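Bear in mind that the values here come from a model prediction, so they are computed numbers and not experimental data. Proteins come first, then strands; the chains are lettered A, B, ... in the order of their sequence lines, and each starts at number 1.
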Number of protein chains: 2
Amino acid sequence: MLDLALLGLLEEGPQHGYELRKRLRTQFGLLANVSFGSIYPALSRLETNGSVETVEGGSPVSLAPPTGSLSGEWAAMRARRRAGTRGRRSKKVYRITTAGREFFLTLLSDSTADDARSFSLRLAFARHMPPEARLALLERRRAQLVQHLTEVVTADDPELDVYARSVAEHTAEGVEQDIAWVDRLISAERANADASAVPNRRRTRRSA
Amino acid sequence: MLDLALLGLLEEGPQHGYELRKRLRTQFGLLANVSFGSIYPALSRLETNGSVETVEGGSPVSLAPPTGSLSGEWAAMRARRRAGTRGRRSKKVYRITTAGREFFLTLLSDSTADDARSFSLRLAFARHMPPEARLALLERRRAQLVQHLTEVVTADDPELDVYARSVAEHTAEGVEQDIAWVDRLISAERANADASAVPNRRRTRRSA
DNA sequence: CGTCGCTATATCGATTCGATATAGTTGTCC
DNA sequence: GGACAACTATATCGAATCGATATAGCGACG
């Protein structure tokens, strides 16, 4: 789970632990409110298995190509202010390796274990997937949500008091809205696939 | 977290591990999709610290063979089974103790650490709280949700591709709906408090 | 007969959490 | 100017939790 998230973020450029956590919190919100006690061991794991490598230097982000995204901009600002001297505590900047990219794609396409958290995570990285995998992910998730609706206690259960009933109702509504969301995404995927399959009339100005 | 859930369920009567897990799944759905690897250690914990006790229930068969020779003892066990000892594997039925009820109320009113999971859990057990504690729980949760909205990445972030943006949007919508839900609950609590404060008249007595 | 599916408890290694320690940088208030 | 809070940054520890797996009993199906 965390490996996938970290590798996905590192796909956008080298970063260090503290920054990775910030981006996990802001980009994935409640879904990935992860503590340092998870991040640093996870980075060590990924380093020992060769998925990432550390980049030396106090302000090493200048080495990264301009694909550096928001965090790169941040670090660049700070580096400029410090004028190249190594500032702050020595940062351990991690960069994803070729083996790491392969591992990332493996994790991404691993169809087992997709709860709410890892589904949203995978979907956020869906641009790295082939279109069939995207559709498969969405439809697997949809099936799970529908399944969940049938298993969950209904709000007309006479055993529940007001509070438990409210929780049950709210949860069920959330699941229904998730299904509607996934349905919209599935439609968009299919429309996109159709557009790609029949590009004769529409624009395809990407090549040239 | 799990202690709270288990004690709360055991407030409604003695149950065994497998059943507790089923009820966690059906009543709290995705919020408490908990594995046996958590439940049984948690029950042991609660038993050693005196919050629960095992009650002899159902049909204790006591079939355990003392040796390791599986195949040999199997026929003997089967014979015993046919001889009239019925019932499944011996259930360990747990019952909450007086100390357990106190511990439950302590956990319930402990204001630290209320993420989405433990908030919903606490709310589902809100009937065991005094009204002030209910209001405090709801308002704490509301503040957290609002706070979360400000910290999260906005959907107009140019860095995000379609998929990441969709996840961000959907998450933000979910948080907004959670806020609306909590607001409804807060209003209901206040109305209830007013009604309790003036029990003589059930009308909307304004300017008596 | 086998074996599949359900109930039921238990354990194991790995992962994750939550708290805490440490330390450098920055701002700011008196 | 210097005390002090706040933020950045990495690391570690014990405990909680997960996910997989093992064991075991029972009913039903063909």
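Between the P atom of C:dC6 and the CD atom of B:Glu19 lies a distance of 18 Å, rounded to the nearest Å. The distance between atom CG of B:Leu121 and atom C1' of D:dA16, rounded to the nearest whole Å, is 15 Å. Rounded to an integer number of Å, the gap from B:Leu2 CG to C:dT16 C1' is 15 Å. Separating the NZ atom of A:Lys92 from the C1' atom of C:dA23 is a distance of 16 Å, rounded to the nearest angstrom. Atom CG of A:Leu24 is separated from atom P of C:dT16 by 12 Å (rounded to the nearest Å). If you take CG of B:Leu6 and C1' of C:dT9, they are 15 Å apart, rounded to a whole angstrom. Going from atom NZ of B:Lys22 over to atom C1' of C:dC6 covers 10 Å, rounded to whole Å. The distance between atom CZ of A:Arg25 and atom P of D:dT8, rounded to the nearest whole Å, is 12 Å.
Partners of B:His148 according to the ring-ring contact (aromatic ring centres under 6.0 Å, His included) rule, which considers only residues two or more places apart in sequence or in another chain, do not exist here. With sequence neighbours excluded, the residues that form a side chain to side chain contact (heavy atoms under 4.5 Å, CB included) with B:Ala172 are B:Leu149. Here B:Arg45 pairs with B:Asp3, B:Ala42 under the side chain to side chain contact (heavy atoms under 4.5 Å, CB included) rule; sequence neighbours left out.
Screening residues 170-179 of chain A for salt bridge (Lys or Arg N to Asp or Glu O under 4.0 Å), with sequence neighbours left out, gives no hits. Sorted by first then second residue, the ring-ring contact (aromatic ring centres under 6.0 Å, His included) pairs that include residues 120-140 of chain B, not counting sequence neighbours, are B:Phe28-B:Phe125, B:Phe104-B:Phe125, B:Phe104-B:His128.
Comparing A:Asp3 and B:Gly17 by the nucleotide of DNA chain C whose heavy atom lies nearest to each, the residue mapping closer to the 5' end is B:Gly17.
A side-chain N or O of A:Gln15 and one of A:Arg23 form a donor-acceptor pair less than 3.5 Å apart.
A sub-4.0 Å separation between OP1 or OP2 of C:dA8 and a side-chain N or O of B:Lys91 is present. Put simply, A:Tyr18 has no side-chain N or O that comes within less than 4.0 Å of OP1 or OP2 on D:dT10.
Here A:Arg117 lies in heavy-atom contact (under 4.0 Å) with sugar-phosphate atoms only.
Using a 4.0 Å cutoff on non-hydrogen atoms, the parts of residues 34-49 of chain A near DNA chain C are A:Val34, A:Ser35, A:Gly37, A:Ser38, A:Arg45, ordered by number.
What you find for A:Leu7 and A:Ser51 is that their closest heavy atoms are CD2-CB, 4.2 Å.
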